[in-house]
Amino acid sequence: MIKKKQLMEWEAYPSELDLTLADQKVLSLAKKHLEYSYSPYSRFKVGTGLLLDNGAFIGGSNQENASYPLCLCAERVALAAAASVHPNIPVRTLAVTIQHADKMIGEPAMPCGACRQVICEVEQKQQQGIRIITQGMKGEVYIFESGLSILPLAFDASFLL
Ligand code: THU
């Protein structure tokens, strides 16, 4: 038997003011889109912002349903919108942020497992990683170089094709 391990690496910044102006812009778009979240059941708003290779910005937010499993995550809403409006233009950066109605969350908001899988699918389709910028309701900002870097040993099309 041999032990295998994978190192995870990302960048941590004390606040959004420490980001480049371009990254600050994508993160502010995510914050703006918190406003459009429809989340009466969880009272947990998620906002996303995308920057595409052609310079386009696309926002997204979580959209819930009384039939809970139908809730749409903000990351997938934004990625589907980008693919619909700008087909075949690679997504360069995805920013995510959150707003909880009842408590302060200071840690960066991580995409759920299902969203990580979808981000990896888009990366494979566009043959290019998507930088992921995350922040909680305040404070520290994390930047990950790709979706694959937060979904180690991902399942992908190579198993099927
Ligand atoms: N949610 C997202 O929008 N993105 C994630 O990555 C995690 C969860 C949403 C789904 C639901 O509307 C609410 O957050 C609580 O799970």
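Numbering of ligands and ligand atoms starts at 1, following listing order.
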Quiz prompt | Sub-4.0 Å heavy-atom contact, P111 with ligand 1 | solution = yes
Quiz item: What distance separates S28 OG from E16 CD, expressed to the nearest 0.5 Å?
Solution: 8.5 Å
Practice problem: Output the list of atoms in ligand 1 that are nearer than 4.0 Å to some heavy atom of C112, sorted by atom number. | Solution: 5 (C), 6 (O), 7 (C)
Practice problem: State the atoms of ligand 1, each with its element, that fall below the 4.0 Å cut-off from a heavy-atom position in S42. | Solution: 13 (C), 15 (C)
Exercise. State the atoms of ligand 1, each with its element, that fall below the 4.0 Å cut-off from a heavy-atom position in E75.
Key: 2 (C), 3 (O), 4 (N), 5 (C), 6 (O)
Self-check item: Those atoms of ligand 1 less than 4.0 Å from some heavy atom in F44
Solution: 13 (C), 14 (O), 15 (C)
Quiz item: Measuring to protein heavy atoms, does anything land under 4.0 Å from atom 16 (O) of ligand 1?
Solution: no
Quiz prompt | Passing option when R131 is tested against D23, V91, V26, L51 for side-chain contact (heavy atoms from CB on, under 4.5 Å) | solution = D23
Practice problem: For the pair Y38 and Y41, name the ring-plane relationship: parallel under 30°, tilted 30 to 60°, perpendicular over 60°. | Solution: perpendicular
Quiz item: Can you tell me which residue and heavy atom of the protein come closest to atom 3 (O) of ligand 1, and the distance to 0.1 Å?
Solution: A74 N, 2.9 Å
Practice problem: For E64, counting its heavy atoms only, list the atoms of ligand 1 lying under 4.0 Å from any of them. | Solution: 11 (C), 12 (O), 13 (C)
Exercise. For Q128 and D53, test the side chains for any donor-to-acceptor distance below 3.5 angstrom and give the result as yes or no.
Key: yes
Quiz item: Under the 3.5 angstrom rule, does the side chain of Q63 hit a backbone N or O of Y36 as a donor-acceptor pair?
Solution: yes
Quiz item: At a 4.0 Å threshold, what atoms of ligand 1 neighbour a non-hydrogen atom of N62?
Solution: 3 (O), 9 (C), 11 (C), 12 (O), 13 (C), 14 (O)
Quiz item: Where do V141 and L27 come nearest, in terms of heavy atoms and distance?
Solution: CG2-CD2, 4.4 Å
Quiz item: If you count the atoms of ligand 1 from 1 in the order shown, which ones are under 4.0 Å from a heavy atom of C73?
Solution: 1 (N), 2 (C), 3 (O), 4 (N), 5 (C), 8 (C)
Quiz item: Have N65 and S67 got a donor and an acceptor in their side chains that come within less than 3.5 Å?
Solution: no
